[in-house]
Amino acid sequence: MAEKRDFYEVLGVSKSASKDEIKSAYRKLAKKYHPDNHETGDAEKFKEVQEAYDVLFDDQKRSAYDQFGHAAFEQGAGGPGSNPFEGGFGGFGADGVDLGDIFSSFFGGGRRQQRASTGPRRGNDAIVRVKVDFMDTILGRDIEIPLTIDEQCSSCHGTGAKTPNDVKTCPNCGGHGYVRVQRRSLFGVIEQQEVCTRCNGAGKIISNPCPDCGGKGYNRVKKNIKVHIIAGINNGQQIRVQGMGERGANGGPNGDLFVEVNVKPHQYFKRDGNDIHLTVPVDFIDAILGTSVDVPTVYGEATLNIPAGTQPGQIFRMRGQGVKDLRSGKPGDQYVHLDIKMPTSLNRKQKDLLTQYRNEIGKDDSLLAKFKKIFKK
C-alpha cells in the first residue's frame, strides 16, 4: 500500500493555514480532479483531496492529525465512516457544504443537488472523555469504554425498508423532499419551499418497514468498545474511533467518536512534554562522598551516579528515560531533582565524628568565615 501523503501537502497549504485558505484550496483542487472533469479529472487524487479536507477543516480532526499524524486515524481504518464521501461523489463536506451543489455549478447536472438533499448523509462526530492512569499513557494499554449508540440496522442497511422494492419515490414531492407553495401576502404572491409533509423530507415512502428496526433504519444498542491508549499520549489529546459517533441520515454512516484522554496525576513522576521530573531523597553523607543509586524511572529502575560534593538543588539528567515521542518514537529524558536530607538526631559517636571534622576545618576556613571576609574588603 502506498504511503499516504501529508494532508497539508495534498491541499498545498501551510500548517498554519486558516479555514478559509483550506476551503479555497480544496475547491480549486476538487474542481480540477473531479471525475466529471474530462480534461484533468482523476478519481484517486479527488478522493485524496476530499480526505485531506475532511480532516483539516474539522477542528477536532485537525488537532488529532497535528498531534499524531496519520496514526490518529488508524484504529478501525477502512470501516464505515472512514470517509464521509465513501460510495460516491455526492454528500457533504466537513463544514456541511453540499458538494453536489458545488460540483453541479462546475460541470452542470442539477440532479446532483437533488440527490444530496435526500441521499445518505454521514452523522456528526461525538466526543467522550476518559480518565486514564499516568503509567498507562506512558506504556500504552487497551481500555474498554461503555457506549450507547444508534447502530445502522444490519437487516435493511439503514434504509428502513424490508426489501429494496419497498422503497418508493414520494409522489407528492417527486423525490425532492420539499415542495413549493404559493401564499398571498401584503406584498403579493410569495413562493416558498417547504418540507414535504408526506415523506417528512426524505423524498421516499416506505411501503413495508423493516421488522428488525421498525422502519427507523437503526437500532439503539449498548456495547463496550476497545480503545488503544497510545504510548506517549498526553493529557487533553484525543484518539479517533471510526464509525462510533452520531448516526447518519437516510442510511448514511455514523460519524466518528473522539476519545479525549484525561490523565490522572502520578504521586511522584511529573511530566513536562516528553520529559519526566522526579525528586529523589539522598542522605547528606552520600552527597558529600558521592555514590551510585538505583532510582525509579517510568520503565523501571536505572542507575544514577552522584558525584562527591553534590550540592542541594542540583538536577541530574538521565538521557532516554523520558516519554517516547508519538511521531518519532524518540524518548525524552528524566530529570532527577536531589532532595539532600540532613539528620535530625545523631548518636554520640556520630556527633564526635562530625565535631572532629569541624575542628579539622578550622574556624578561619569555615564557609561562614569566608563569606564574612567579603564584607571586610
Original post:
Does Pro343 have any side chain to side chain contact (heavy atoms under 4.5 Å, CB included) partners at least two apart in sequence or in another chain, and if so, which?
Top reply: Phe284, Leu346
Original post:
So do the side chains of Arg198 and Pro171 get within less than 4.5 Å of each other, counting heavy atoms only?
Top reply: yes
Original post:
Once you round to the nearest 0.5 Å, how far does CD1 of Ile239 lie from CD of Glu260?
Top reply: 11.0 Å
Original post:
Who are the salt bridge (Lys or Arg N to Asp or Glu O under 4.0 Å) partners of Lys168, not counting sequence neighbours?
Top reply: none
**OP:** Determine, using the 4.5 Å side-chain heavy-atom cutoff (strictly less than), whether Val195 and Ile206 are members of one ILVMFWY cluster.
**Re:** no
**OP:** Take Val10 and Val49 through the side chain to side chain contact (heavy atoms under 4.5 Å, CB included) test and state the conclusion after the steps.
**Re:** CA-CA 6 Å; Val10 170; Val49 168; 4.1 Å; yes
**OP:** Of all the heavy-atom pairs spanning Val263 and Asn235, show the shortest one and how long it is.
**Re:** N-OD1, 2.8 Å
Original post:
More than 12 heavy atoms of other residues, nucleotides or ligands under 6.0 Å from NZ of Lys216: is that the case?
Top reply: yes
Original post:
Taking the side chain from Asn219 and the backbone from Glu151, do they hold a donor-acceptor pair closer than 3.5 Å?
Top reply: no
**OP:** Might you point out which heavy atoms bring Ala231 and Leu326 nearest each other, and give the distance in Å?
**Re:** O-CD2, 3.3 Å
Subject >> From Thr40 atom OG1 to His34 atom NE2, the distance as rounded to the nearest 0.5 Å >> reply: 11.5 Å
Subject >> For Arg220, all residues meeting salt bridge (Lys or Arg N to Asp or Glu O under 4.0 Å), sequence neighbours excluded >> reply: Asp150
Original post:
If you group Ile, Leu, Val, Met, Phe, Trp and Tyr by side-chain heavy-atom gaps below 4.5 Å, do Ile127 and Met244 land in one group?
Top reply: no
Subject >> Exam field: side chain Tyr268 to backbone Pro296, donor-acceptor pair closer than 3.5 Å >> reply: no
Subject >> Residues in side chain to side chain contact (heavy atoms under 4.5 Å, CB included) contact with Asp133, at least two apart in sequence or another chain >> reply: Asp136, Lys264
Original post:
How would you list, by chain and number, every residue that makes a ring pair (Phe, Tyr, Trp, His ring centres under 6.0 Å) with His337, sequence neighbours excluded?
Top reply: His277
Original post:
Out of curiosity, Ile306 CD1 to Leu304 CG, how far, rounded to the nearest 0.5 Å?
Top reply: 5.0 Å
Original post:
Does the side chain of Tyr8 pick up a donor-acceptor pair with the side chain of Arg62 at under 3.5 Å?
Top reply: yes
Original post:
Which heavy atom in Gly232 sits nearest to a heavy atom in Val323, and how many Å separate them?
Top reply: CA-CG1, 3.5 Å
Which atom pairs, one a donor and one an acceptor, fall under 3.5 Å between side chains of residues 156-164 and the rest of the protein, sequence neighbours left out?
unit_1 : atom_1 : unit_2 : atom_2 : d
Thr159 : OG1    : Cys156 : O      : 2.9
Thr159 : OG1    : Ala161 : N      : 3.3
Thr163 : OG1    : Asn165 : N      : 3.4
Thr163 : OG1    : Asp166 : OD2    : 2.9

Subject >> Selection residues 336-347 - residue pairs positive for salt bridge (Lys or Arg N to Asp or Glu O under 4.0 Å), sequence neighbours left out >> reply: Asp339-Lys341
Original post:
Does Asp59 pair with Lys19 as a salt bridge, N-O distance under 4.0 Å?
Top reply: yes
Original post:
When clusters are formed by joining ILVMFWY residues with side-chain heavy atoms under 4.5 Å apart, either directly or through shared neighbours, do Leu338 and Ile315 land in the same one?
Top reply: no
**OP:** Decide side chain to side chain contact (heavy atoms under 4.5 Å, CB included) for Arg348 and Asp352; before the verdict, give the C-alpha distance in whole Å, the side-chain angles of both, and the deciding distance to 0.1 Å.
**Re:** CA-CA 6 Å; Arg348 186 173 185 82; Asp352 289 343; 3.9 Å; yes
Subject >> Nearest non-hydrogen partners of Pro146 and Asn224, listed with the distance >> reply: CA-OD1, 3.3 Å
**OP:** Just grab all the ring pair (Phe, Tyr, Trp, His ring centres under 6.0 Å) pairs involving residues 242-267, residues at least two apart or on different chains.
**Re:** Phe134-His266, His266-Phe269
**OP:** Determine whether Met318 and Tyr335 fall in the same hydrophobic cluster, where Ile, Leu, Val, Met, Phe, Trp and Tyr are linked whenever their side-chain heavy atoms lie under 4.5 Å apart.
**Re:** no
Original post:
Taking everything shown except Lys270 itself, do over 12 heavy atoms lie less than 6.0 Å from its NZ?
Top reply: yes
Subject >> Sidechain-backbone polar pair: Gln238 side chain, Gly236 backbone, donor-acceptor under 3.5 Å >> reply: no
Subject >> Sequence neighbours excluded - side chain to side chain donor-acceptor pair (under 3.5 Å) pairs with any residue from residues 321-330 >> reply: Asn274-Asp325, Thr297-Gln321, Asp325-Ser328
**OP:** Return yes if some donor-acceptor pair links the side-chain N/O of Ser63 with the main-chain N/O of Gln60 below 3.5 Å, else return no.
**Re:** no
Original post:
Do the side chain of Asn254 and the main chain of Gly123 share a donor and acceptor less than 3.5 angstrom apart?
Top reply: no
**OP:** Consider only side-chain heavy atoms of I, L, V, M, F, W and Y, link residues closer than 4.5 Å, and tell whether Val132 and Ile276 are in one cluster.
**Re:** yes
Original post:
Hey, mind stepping through Val293 and Val282 against side chain to side chain contact (heavy atoms under 4.5 Å, CB included) and telling me if it holds?
Top reply: CA-CA 9 Å; Val293 294; Val282 175; 5.7 Å; no
**OP:** Taking all heavy atoms of Cys173 and all of Cys199, pick out the closest pair and write down the distance.
**Re:** SG-SG, 3.7 Å
Subject >> Ile225 side chain reached by Leu257 side chain, heavy atoms, under 4.5 Å >> reply: yes
**OP:** Look only at the side chain of Glu51 and the backbone of Glu48, and say whether a donor-acceptor pair between them is shorter than 3.5 Å.
**Re:** no
Original post:
Can you check whether Asp256's main-chain N or O pairs, donor with acceptor, with Asp125's side chain at less than 3.5 Å?
Top reply: yes
Original post:
Do any pairs count as a ring pair (Phe, Tyr, Trp, His ring centres under 6.0 Å) and have a residue in residues 193-220, sequence neighbours left out, and if so which ones?
Top reply: none
Subject >> CA sep, side-chain torsions, deciding dist, call: Asp66, Lys15, salt bridge (Lys or Arg N to Asp or Glu O under 4.0 Å) >> reply: CA-CA 8 Å; Asp66 287 343; Lys15 290 189 176 182; over 6 Å; no
Original post:
Who pairs with Arg319 by side chain to side chain contact (heavy atoms under 4.5 Å, CB included), at least two apart in sequence or on another chain?
Top reply: Arg317, Asp333
Subject >> Within 6.0 angstrom of Glu44 CD, more than 12 heavy atoms from elsewhere >> reply: no
**OP:** Check for a donor-acceptor pair, side chain of Asn359 on one end and backbone N or O of Thr355 on the other, with a separation under 3.5 Å.
**Re:** yes
Original post:
Does any N or O in the side chain of Arg271 come within less than 3.5 Å of the main-chain N or O of Gly273, such that one atom is a donor and the other an acceptor?
Top reply: yes
**OP:** Could you tell me which residues satisfy side chain to side chain contact (heavy atoms under 4.5 Å, CB included) with Thr197, sequence neighbours excluded, listed by chain and number?
**Re:** none
**OP:** Please find out if less than 6.0 Å separates the ring center of Tyr26 from that of Phe57.
**Re:** no
